[in-house]
Amino acid sequence: MKLKLDITPDLVAAMAAEVKAGEKAVTAAMREAGTGLKTAWRGQITGAGLGRRLANSIRSQTYPKAGESLNAAALVWSKAPVIIGAHDTGPLIRSKDGFWLAIPTEAAGRGLRGAKLTPGEWERRRGLRLRFVYRRRGPSLLVADRARINTRGQAVASRAKTGRNQVTAPIFLLVPQVKLPKRLDLDRDAERAHDRVSGLIVANWIEEKL
């Protein structure tokens with residue numbers, strides 16, 4: 001018995017077309033999965049009240065950047081990984097030097113571009129010295145004496161010689177450690193995106209053939 005197999009040009013072309021359809025389907029599926037995950041993560045961040053600016057730090061990129069491939073992949077990441085990671089894991093934060101964590105009150109105000117001030121920066125900017133107040137119950141304090149509260153609710157140096165409207169304002173709360181609440185669950189959305197990939201590939205492949 002003899003078996004003969006002839007590879008006709010039509011079969012070769014059909015196989016090449018099928019591979020091309022597969023490349024397009026996989027690439028389109030990964031692009032859709034990556035974009036969907038980026039949207040889901042951004043939605044989590046804004047939903048947790050962390051702001052649009054932090055949400056926009058989530059980016060996505062499909063590889064290869066040009067063309068299609070059966071090995072296409074999608075990468076989703078944040079340009080602020082430390083902040084995002086902290087809200088995703090809810091870590092216990094301690095002072096680097098083993099002392100107090102200084103948490104600014106509303107009276108402390110803000111630094112450049114809305115950044116939180118450290119006690120040293122606050123003293124330099126306001127021209128006032130901070131005084132330590134120990135409390136057995138509740139957080140200890142750093143307070144500013146002979147201050148006044150301006151129209152924005154911030155403590156500033158008082159120029160009144162009579163002491164009128166002068167206050168002792170709590171500027172920083174001092175605590176040994178802070179447990180940051182877990183406000184995000186990025187793994188949940190990542191797993192959902194992963195589970196959708198096979199279905200997206202099939203759907204895009206069928207659509208390409210149609």
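As the structure is a prediction and not an experimental result, all values here were calculated from the model.
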Self-check item: Hydrophobic cluster membership, Val175 vs Leu142, 4.5 Å side-chain cutoff
Solution: no
Quiz item: Who are the salt bridge (Lys or Arg N to Asp or Glu O under 4.0 Å) partners of Arg131, not counting sequence neighbours?
Solution: Asp145
Practice problem: Write out all pairs satisfying salt bridge (Lys or Arg N to Asp or Glu O under 4.0 Å) with one or both partners inside residues 84-95, taking only residues at least two apart or from two chains. | Solution: Asp88-Lys182
Quiz item: Do the non-hydrogen side-chain atoms of Ile93 and Gln177 ever get within less than 4.5 Å of each other?
Solution: no
Exercise. State plainly whether one hydrophobic cluster holds both Ile171 and Phe132, where clusters connect Ile, Leu, Val, Met, Phe, Trp and Tyr through side-chain heavy atoms under 4.5 angstrom apart.
Key: yes
Quiz item: Any side-chain heavy-atom pair from Arg148 and Gln166 closer than 4.5 angstrom?
Solution: no
Self-check item: Smallest separation among heavy atoms of Ala28 and Asn204, with atom names
Solution: CB-OD1, 3.6 Å
Practice problem: Output the distance between atom CZ (Arg136) and atom OH (Tyr134), rounded to the nearest 0.5 Å. | Solution: 6.5 Å
Quiz item: Hey, does Ser57 have a side-chain heavy atom less than 4.5 Å from the side chain of Leu54?
Solution: yes
Self-check item: Ala147 to Leu128 - nearest heavy-atom pair and separation
Solution: CB-CD1, 4.0 Å
Without placing hydrogens or testing angles, list every side-chain donor-acceptor pair under 3.5 Å for residues 58-71, not counting sequence neighbours.
unit_1	atom_1	unit_2	atom_2	d
Arg59	NE	Asn56	O	3.0
Ser69	OG	Asn71	N	2.9

Exercise. Please answer whether the main-chain N or O of Gly90 pairs with a side-chain N or O of Lys179 as donor and acceptor at a distance below 3.5 Å.
Key: yes
Practice problem: Please examine the side chains of Val167 and Ile149, heavy atoms only from C-beta on, and report whether any two atoms are closer than 4.5 Å. | Solution: yes
Self-check item: Set of residues satisfying side-chain hydrogen bond (donor to acceptor under 3.5 Å, both in side chains) with respect to Arg196, sequence neighbours excluded
Solution: none
Quiz item: Which salt bridge (Lys or Arg N to Asp or Glu O under 4.0 Å) pairs, counting each pair once, include a residue from residues 42-57, with sequence neighbours left out?
Solution: none
Self-check item: Under 3.5 Å donor-acceptor, Ser78 side chain and Ile84 backbone
Solution: no
Quiz item: Do other residues, nucleotides or ligands put more than 12 heavy atoms under 6.0 Å from Arg135 CZ?
Solution: yes
Quiz item: Of all heavy-atom pairs between Pro170 and Thr105, which one has the smallest distance, and what is that distance?
Solution: O-OG1, 2.8 Å
Practice problem: Decide yes or no for Arg146 and Ser158: does some side-chain heavy atom of the first lie under 4.5 Å from some side-chain heavy atom of the second? | Solution: no
Self-check item: Interatomic distance, Glu32 atom CD to Leu37 atom CG [nearest 0.5 angstrom]
Solution: 12.5 Å
Quiz item: How close do Ala33 and Val197 get, heavy atom to heavy atom, and via which atoms?
Solution: CB-CG2, 4.1 Å
Practice problem: Please report the C-alpha distance between Arg192 and Asp189 in whole Å, then the side-chain angles of each, then the deciding distance to 0.1 Å, and finally whether the side-chain contact (heavy atoms from CB on, under 4.5 Å) criterion is met. | Solution: CA-CA 5 Å; Arg192 289 176 179 174; Asp189 288 338; 3.9 Å; yes
Quiz item: Are Ile103 and Trp100 co-members of a hydrophobic cluster defined by side-chain heavy atoms under 4.5 Å apart?
Solution: no
Quiz item: Just wondering, more than 12 heavy atoms not from Arg129 lying within 6.0 Å of its CZ?
Solution: no
Quiz item: Honestly curious: do Phe172 and Val178 fall in one hydrophobic cluster under the side-chain, below-4.5 Å linking rule?
Solution: no
Quiz prompt | Closest heavy-atom pair and its distance - Ala48, Leu184 | solution = CB-CD2, 4.1 Å
Quiz item: Under 4.5 Å between any side-chain heavy atoms of Gln44 and Arg188, yes or no?
Solution: yes
Practice problem: Would you sort out whether Glu121 and Thr118 count as a side-chain hydrogen bond (donor to acceptor under 3.5 Å, both in side chains), showing the intermediate values? | Solution: CA-CA 5 Å; Glu121 290 172 334; Thr118 65; 3.3 Å; yes
Quiz item: Hey, does Leu174 have a side-chain heavy atom less than 4.5 Å from the side chain of Leu141?
Solution: no
Quiz prompt | Residue pair Ala21 / Trp205: nearest heavy atoms and the distance that separates them | solution = CB-NE1, 3.7 Å
Quiz item: Going hydrophobic residue to hydrophobic residue with side-chain gaps under 4.5 angstrom, can you get from Leu180 over to Val82?
Solution: no
Practice problem: Not counting sequence neighbours, which residues clear side chain to side chain contact (heavy atoms under 4.5 Å, CB included) with Arg126? List them please. | Solution: Leu117, Trp122, Gln154, Val156
